[in-house]
Amino acid sequence: SLSGRVTTITSDNRTRVGAVYPYARLPSTTVVHSRSDRDREPAVVRVRTTLTTYALVNMAPGSRFVYPSRVEARETERKRGTAATLIAQTVRSETRDEFNNVTASETESYPILGGQPRGIPSRTKFTATYDIFTPSWLVGLARSISWTSTTPDSRASTRHLENDYAADTG
């Protein structure tokens, strides 16, 4: 069981856009140190570092939102007296429209060999289009959705979904 965990979070409280600080209090870097044993000598220490980049979307004058557009996570492991070894690395990117609908995302999970990312990652891609009926505020109705998963040896599988909605009721 984990007997010790320390989390450190840093935020961008300095970037100003107009009169606001849109990234304030949002985690830009998160580092979690955890220990696997109560006895410090044989303990394995894992460190998970997450770097988050945000995108700012201006919907209309005075109306905006922020979302995580890229998240990179790396996890290392080490025993006392040894160097840290990378055991996992993933990268997730995302794009949203002006109504905060996810229009595209991609997650890459890298194979780790000898403590280094090696070769082509496994990938999962998502794309979507949405119907936006602003007069009746039927927004975010998913019209078309595709998911593609690709293995490191380039085998891919795609699923596609099409939806249809009534323009007046959704």
Side-chain angles (χ1 to χ4, degrees), residues 1-15 17 22-57 65-130 140 142-162:
S1 70
L2 295 176
S3 59
R5 180 173 287 193
V6 176
T7 302
T8 305
I9 300 171
T10 56
S11 300
D12 177 0
N13 295 327
R14 295 177 182 224
T15 300
V17 177
Y23 311 109
R25 301 181 69 181
L26 296 174
S28 56
T29 304
T30 304
V31 180
V32 179
H33 293 265
S34 55
R35 208 174 61 240
S36 65
D37 199 339
R38 291 179 197 268
D39 182 0
R40 292 179 185 262
E41 255 339 282
V44 172
V45 175
R46 284 197 172 183
V47 178
R48 181 170 178 82
T49 304
T50 306
L51 305 172
T52 306
T53 304
Y54 295 92
L56 175 65
V57 176
F65 66 90
V66 175
Y67 70 90
S69 60
R70 179 179 164 85
V71 178
E72 181 175 346
R74 295 173 52 91
E75 189 167 352
T76 61
E77 185 176 82
R78 73 171 172 80
K79 287 188 176 184
R80 187 178 178 121
T82 65
T85 301
L86 182 68
I87 60 171
Q89 181 175 350
T90 60
V91 177
R92 183 172 191 277
S93 58
E94 183 173 286
T95 304
R96 298 186 188 188
D97 67 14
E98 67 273 14
F99 294 97
N100 205 15
N101 299 305
V102 178
T103 57
S105 73
E106 181 175 22
T107 301
E108 298 176 318
S109 298
Y110 290 85
I112 306 298
L113 296 171
Q116 296 295 319
R118 303 277 188 205
I120 299 171
S122 296
R123 288 188 173 99
T124 303
K125 291 184 180 184
F126 165 87
T127 58
T129 59
Y130 299 88
R143 172 64 69 184
S144 170
I145 303 171
S146 288
W147 297 269
T148 302
S149 296
T150 307
T151 61
D153 60 356
S154 298
R155 289 182 292 158
S157 174
T158 300
R159 293 183 313 178
H160 190 73
L161 176 67
E162 292 283 336

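Not measured: the values here are computed from a predicted model.
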With sequence neighbours excluded, residues passing side chain to side chain donor-acceptor pair (under 3.5 Å) with Glu72: Arg70, Gln89

Contacts of Ser93 that satisfy side chain to side chain contact (heavy atoms under 4.5 Å, CB included) - sequence neighbours left out: Glu106

Under 3.5 Å donor-acceptor, Tyr130 side chain and Val102 backbone: yes

Between Ser157 and Ser149: side-chain donor-acceptor atoms closer than 3.5 Å: no

Partners passing side chain to side chain contact (heavy atoms under 4.5 Å, CB included) against Ala83 (at least two apart in sequence or in another chain): none

Partner residues of Glu108 under the salt bridge (Lys or Arg N to Asp or Glu O under 4.0 Å) criterion, sequence neighbours left out: Arg123

Under the side chain to side chain donor-acceptor pair (under 3.5 Å) test, residues paired with Asn13 that sit two or more places apart: none

Residues which pass side chain to side chain contact (heavy atoms under 4.5 Å, CB included) with Thr129, listed by chain and number, not counting sequence neighbours: Arg143, Ser144

Salt bridge (Lys or Arg N to Asp or Glu O under 4.0 Å) partners for Arg155, two or more places apart: Asp153

Partner residues of Thr82 under the side chain to side chain contact (heavy atoms under 4.5 Å, CB included) criterion, sequence neighbours left out: Arg78, Lys79

Side chain to side chain donor-acceptor pair (under 3.5 Å) partners for Ser122, two or more places apart: none

All side chain to side chain donor-acceptor pair (under 3.5 Å) counterparts of Ser146, not counting sequence neighbours: His160

Return all side-chain donor-acceptor pairs below 3.5 angstrom for residues 43-57, not counting sequence neighbours, or 'none' if the list is empty.
residue, atom, partner, partner atom, Å
Arg46, NE, Glu77, OE2, 2.8
Arg46, NH1, Glu75, OE2, 3.4
Arg46, NH2, Glu77, OE2, 2.8
Tyr54, OH, Pro27, O, 2.7

